[in-house]
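Everything on this sheet refers to the single structure shown next.
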Amino acid sequence: MAVAGRALPLRGACNARDLGGLRTEDGRRVRRLRVLRSDALTELDDGDVSYLLRDCGLRSVIDLRAPTEAEADGRGPVADSVPVYRNIHIFGAGRLRLDLLQVAADGTMFDRYLEYLEHSPGNIVEVLDLLAEAGNLPALVHCAAGKDRTGVVVAVLLGVIGVRADDIVADYAATGANVEALRARVQQARSARERSADLAEIPDWVFAAEADTIRKLLAHFDVEHGGPPEWARRAGLGQAAQQRLVDSLLEPADS
């Protein structure tokens with residue numbers, strides 16, 4: 001599978017992986033160690049930080065959490081060690097953390113993902129523009145669990161550069177193997193103001209990373225917007241920035 005071998009060996013994060021190796025419709029692949037995705041970075045140890053800085057050459061951290069969330073839970077040690085740290089909040093109508101909400105009657109995250117597209121299009125494009133600047137790569141994009149806010153942003157990014165739908169779905173669904181570890185991490189990391197809420201009361205589907213959910217989102221892009229590249233263009237992504245993403249993130253086509 002295209003997702004095999006992409007997990008990052010971090011002891012302080014449980015849902016971290018490289019986008020490298022994913023395939024495009026024209027047979028190209030995403031370059032290794034250009035864009036990484038992860039859950040929160042607050043528990044990284046010295047070995048993790050060394051791996052990201054020295055082995056991966058990390059230059060940027062893009063934090064998709066709310067500013068109050070980042071302040072309460074912390075940015076993590078690697079954020080203070082890279083040239084670029086940006087907090088770009090991806091939010092829906094409520095602007096609240098998904099892991100604390102019972103958000104959809106149909107038992108999926110799809111409606112909340114549509115809220116991200118509706119309420120945070122400029123912020124999503126801001127992330128893409130940041131990634132399009134060559135001096136900012138390699139970059140790591142993360143939120144709290146590395147699943148929802150990160151999942152939508154990564155799906156848009158991969159769609160914009162032409163990664164095939166099956167690989168986008170597989171990358172999203174790879175979080176499924178980490179759900180129990182994420183539950184434990186969220187419970188441990190929750191800030192004092194939230195400790196009164198019982199994590200056990202949150203339904204399982206809030207933590208789920210079902211392939212059908214992201215497949216449905218990709219279908220929404222195609223039917224309602226003409227695909228992720230067109231959605232991003234309408235949201236403000238320039239053609240030059242899109243081309244820079246393609247050039248910097250994809251391996252050259254075979255001659």
Rounded at 0.5 Å granularity, tell me how far [atom1] in [X] sits from [atom2] in [Y].
X	Y	atom1	atom2	answer
Gln242	Asp247	CD	CG	10.5 Å
Ile124	Leu117	CD1	CG	5.5 Å
Ser38	Lys147	OG	NZ	15.0 Å
Ile62	Glu126	CD1	CD	9.0 Å
His142	Thr42	NE2	OG1	8.5 Å

- Just wondering, are more than 12 heavy atoms of other shown residues or ligands nearer than 6.0 Å to CG in Asp46?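 Counting neighbours around CG of Asp46, 12 or fewer heavy atoms of other residues, nucleotides or ligands fall under 6.0 Å, so no.
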
- Crowded around Glu210 CD? As in, over 12 foreign heavy atoms under 6.0 Å?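 No, not enclosed.
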
Under 3.5 Å, side chain of [X] to main-chain N/O of [Y], donor-acceptor pair present?
X	Y	value
Arg17	Ala7	no
Thr150	Cys143	yes
Glu115	Ala93	yes
Glu69	Ala66	yes
Arg37	Gly146	yes
Asp48	Gly12	yes
Arg29	Glu251	no
Ser81	Pro77	yes
Asn123	Ile88	no
Asn87	Arg65	yes

- Item | Option among Leu131, Asn136, Leu140 that satisfies the side-chain contact (heavy atoms from CB on, under 4.5 Å) test with Ser60 |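 Filter result, single survivor: Asn136.
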
- In plain terms, say whether Arg164 and Asp167 are close enough for a salt bridge, that is, a side-chain N and a carboxylate O under 4.0 Å apart.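 Here Arg164 pairs with Asp167 in a salt bridge, since their nearest N and O are under 4.0 Å apart.
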
- Message: Salt bridge check, Asp45 against Arg11: does any charged N sit closer than 4.0 Å to a carboxylate O?
- Response: yes

Which pair of heavy atoms, one from [X] and one from [Y], lies closest together, and at what distance?
X	Y	value
Cys56	Leu33	SG-CD2, 4.0 Å
Cys14	Asp39	N-OD2, 3.2 Å
Asp129	Ala241	OD1-CB, 3.5 Å
Ala235	Pro121	CB-CB, 3.9 Å

- Measure the acute angle between the ring planes of Phe91 and His119, then classify it against the limits of 30° and 60° as parallel, tilted or perpendicular. tilted

Hey, does [Y] have a side-chain heavy atom less than 4.5 Å from the side chain of [X]?
X	Y	result
Arg86	Val84	yes
Leu158	Pro228	no
Val160	Arg233	no
Arg234	Pro229	no
Tyr116	Val153	no
Leu249	Arg244	no

Let me check something: do [X] and [Y] share a hydrophobic cluster, defined by ILVMFWY side-chain heavy atoms less than 4.5 Å apart, either directly or through other members?
X	Y	result
Leu41	Ile90	no
Val163	Leu36	no
Leu245	Phe221	yes
Leu218	Leu237	yes
Val169	Val30	yes

- Query: Taking it one step at a time, do Val82 and Leu52 satisfy side chain to side chain contact (heavy atoms under 4.5 Å, CB included)?
  - Reply: CA-CA 10 Å; Val82 291; Leu52 289 171; over 6 Å; no

- Query: Will you find, in the side chains of Tyr113 and Asp148, an N or O donor that is under 3.5 Å from an N or O acceptor?
  - Reply: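 Yes.
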
- Pair Asn15, Thr175: side-chain N/O donor-acceptor within cut-off below 3.5 Å: yes

- Item | Distance under 6.0 Å and angle within 45° of ring axis: Arg75 vs Tyr85 | yes

- Query: Between Leu217 and Ile214, is a side chain to side chain contact (heavy atoms under 4.5 Å, CB included) present by the stated rule, with each step listed?
  - Reply: CA-CA 5 Å; Leu217 183 68; Ile214 203 70; 3.8 Å; yes

- Query: Does the side chain to side chain contact (heavy atoms under 4.5 Å, CB included) test come out yes or no for Ser248 and Leu137, once each step is laid out?
  - Reply: CA-CA 9 Å; Ser248 61; Leu137 301 180; 3.8 Å; yes

- Task: Let me see the working for Ile161 and Leu250 under side chain to side chain contact (heavy atoms under 4.5 Å, CB included), right down to the final yes or no.
- Result: CA-CA 8 Å; Ile161 64 174; Leu250 296 183; 3.8 Å; yes

